[in-house]
Amino acid sequence: MCTALLAAAALTRTVSLVDRWKMVLIVGYLAVVLVLCKSLASLAYGIVLTPLVLFVPARWQIRLAVVFAVVAVGYPMLRNAGVIPTDDIVAWVASFNPERAQSLGYRFNNEEQLLVRAAEKPLFGWGAGAAA
């Protein structure tokens, strides 16, 4: 839903002035649906990124996309190196909401298992074609 909201916001910038009000209504509708989804992370992304997509020049949007890509690629490497203090993060979240902290701890545990498995074949992964 967040992606749909951001895509509609991007389309709003490209349509003619006559059709722009229709796109604004669609963006508003998708924003309401996003709120009704009750996904905190998606809602936070939508709140932060929708105004950026609507009002920030494309050059800055590309720079932000590069930052997101670097984080997406760099995060697993930082986790493997033990740089990310997962226990401290879970404890901090627990001070606000114990249920969310338990969920986050579960996700960190699953990430750890996936990273251990990925480290067994770091060069070519587990694909069938990479056995040779």
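No hydrogens, no waters, no symmetry mates; every other heavy atom, side chains included, goes into these values.
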Minimum heavy-atom separation for [X] and [Y], please, with both atom names.
| X | Y | result |
| --- | --- | --- |
| Gly46 | Pro51 | O-CD, 4.1 Å |
| Ala8 | Met23 | O-CE, 3.4 Å |
| Leu5 | Val27 | CD1-O, 3.4 Å |
| Arg13 | Val56 | NH1-O, 2.6 Å |
| Ala72 | Pro76 | O-CD, 3.3 Å |
| Thr12 | Arg20 | O-NE, 3.1 Å |

Mind checking whether [X] and [Y] sit in one hydrophobic cluster, side chains of I, L, V, M, F, W, Y counted as touching below 4.5 Å?
| X | Y | result |
| --- | --- | --- |
| Val32 | Met1 | no |
| Phe108 | Tyr106 | no |
| Val24 | Leu34 | no |
| Phe96 | Val90 | yes |
| Leu30 | Val15 | yes |

Flag yes if more than 12 heavy atoms outside [X] fall under 6.0 Å of its [atom1] atom; otherwise flag no.
| X | atom1 | value |
| --- | --- | --- |
| Gln61 | CD | yes |
| Glu99 | CD | no |
| Tyr45 | OH | no |
| Arg63 | CZ | yes |

I'd like to know if the side chain of [X] and the backbone of [Y] have a donor-acceptor N/O pair within less than 3.5 Å.
| X | Y | answer |
| --- | --- | --- |
| Arg100 | Val93 | no |
| Thr50 | Ile47 | no |
| Ser95 | Trp92 | yes |

Review point. Nearest 0.5 Å, what's the CG-CG distance between Asn109 and Leu114?
Key: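 Spacing of CG (Asn109) from CG (Leu114) equals 10.0 Å.
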Review point. Roughly how far, to the nearest 0.5 Å, is CG of Leu11 from CG of Asp19?
Key: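 The distance works out to 11.5 Å.
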Practice item. Check step by step if side chain to side chain donor-acceptor pair (under 3.5 Å) holds for Glu111 and Tyr75. Key: CA-CA 11 Å; Glu111 279 181 6; Tyr75 175 76; 2.7 Å; yes
Check your understanding: Could you go step by step and tell me if Leu6 and Thr3 meet the side-chain contact (heavy atoms from CB on, under 4.5 Å) rule?
Key -> CA-CA 5 Å; Leu6 296 175; Thr3 304; 5.8 Å; no
Exercise for review: Would you sort out whether Ile84 and Ile89 count as a side-chain contact (heavy atoms from CB on, under 4.5 Å), showing the intermediate values?
Suggested key: CA-CA 9 Å; Ile84 307 290; Ile89 295 170; 4.0 Å; yes
Practice item. Could you walk me through whether Val83 and Met77 pass side-chain contact (heavy atoms from CB on, under 4.5 Å), step by step? Key: CA-CA 9 Å; Val83 175; Met77 293 186 294; over 6 Å; no
**Study point:** CA sep, side-chain torsions, deciding dist, call: Leu64, Leu49, side-chain contact (heavy atoms from CB on, under 4.5 Å)
**Key:** CA-CA 10 Å; Leu64 183 62; Leu49 296 178; 3.8 Å; yes
